[in-house]
Amino acid sequence: MSEKKSSPIVNNEEIERIIEQLPKIDYFWNKIQLYQWEGFWSTLTTVKAAMVFKATFKSKPNDVLLASSMKTGSTWLKAICVSIMQGNKEEEEDLLVKDNPHFHVPTIEAMNYYLKTPTHDLYTMPSPRLFHTHLPYRVLPDSIKNSDNCKIIYITRNPKDTIISMWHFFNNRKRLEDLFSLEEVVEYFCKGVHLYGPFFEHVLEYWEESKKKPQKILFLKYEDLKIDPKKEVAKIALFLGKSFGNEEDLEIVLNKCSLERLKNLEVNKSGSIFSYIHNSAYFRKGVVGDWKNHMTPEMEEQLDKITKLKLQGSGLEL
Ligand code: A3P
């Protein structure tokens, strides 16, 4: 495929034929239709976009792909990477003041290029291109996986806090009668049936790859960023080849990307990138251990058990 602005060449009939045969759930959380492709669950639109992305995307040497399952700190990571790559700018030039981090770092399977109404053109984005995906490692295009120069930064989070964040996010601005129950969200999460699920397989694939190729994949945890943000931001900057000369520059990035600041920026208080999600929905509490305020001891036990089982022998703790 050429690097010019043009539609990806894909065989739509072939895609439709594959989709017809995919496992499907009509009433996920009682409302949403999910399809399972290559072992992961998502909406039909996302699955189609992922198929086109996998079949057609050509990476460039200095591309940076941010990756995450849902509600694990993607917005924060996007903001940090935008700030690091933009360098120190005055308030009026700061990209984060102009638009939500999800605008500056588009999520590939939600991009116009792979959907009917794109907002960005991936092929005219200036290099180094910074973009994001929620897709699991296994369906990434070969040109990303096989390129030594295209880097990936993955962020994950404690599964119980991820679930609580997910539950709040999907209930945001819903009428009382439409709210999803936490019991239902936990139940489906444990079965691996949720957007971009199963969660543990998603995390473990990136984890294993990051161990094999630490120069290519940086693996981060939301909790580490909360505990020692300077250390983690320095690590990200170094990985991106933009290491900071002094602590003050690190602090500037952290302050620019703090939850309080981003939440209170006009663009995040009033705007909306996707018609169905208000920008404010991306910024909630950002508290480690918030699950304690919502989960029953039974839910805690169920999730601790599955986490232990899934992560056993991996060397990863969440
Ligand atoms: P909570 O719902 O626990 O508050 P994602 O960006 O992947 O959708 O993840 C959303 C979670 O990250 C939310 O967690 C949100 O509040 C938190 N978050 C968003 N921006 C943040 C920031 N700048 N600093 C810390 N946490 C942030």
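Numbering of ligands and ligand atoms starts at 1, following listing order. Sequence positions, counted from 1, serve as the residue numbers for this chain.
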In terms of relative ring orientation, are F199 and F189 parallel, tilted or perpendicular, with 30° and 60° separating the classes? tilted

Could you tell me how the ring of H134 sits relative to the ring of H132: parallel (under 30°), tilted (30 to 60°) or perpendicular (over 60°)? perpendicular

Do T107 and K78 meet the criterion of a side-chain donor-acceptor pair at a distance under 3.5 Å? yes

Could you go through F131 and F57, starting from their C-alpha distance and side-chain angles, then the distance that decides it, and tell me whether this counts as ring-ring contact (aromatic ring centres under 6.0 Å, His included)? CA-CA 13 Å; F131 43 84; F57 183 77; 5.6 Å; yes

Check whether the ring centres of H202 and Y196 lie less than 6.0 Å apart, and answer yes or no. no

Can you name the closest pair of heavy atoms from I236 and L218 and give their distance? CA-CD2, 4.0 Å

Just to be sure I understand the cut-off, which residues have at least one non-hydrogen atom under 4.0 angstrom from an atom of ligand 1? K71, T72, G73, S74, T75, W76, R157, S165, Y222, C257, S258, L259, L262, Y282, F283, R284, K285, G286

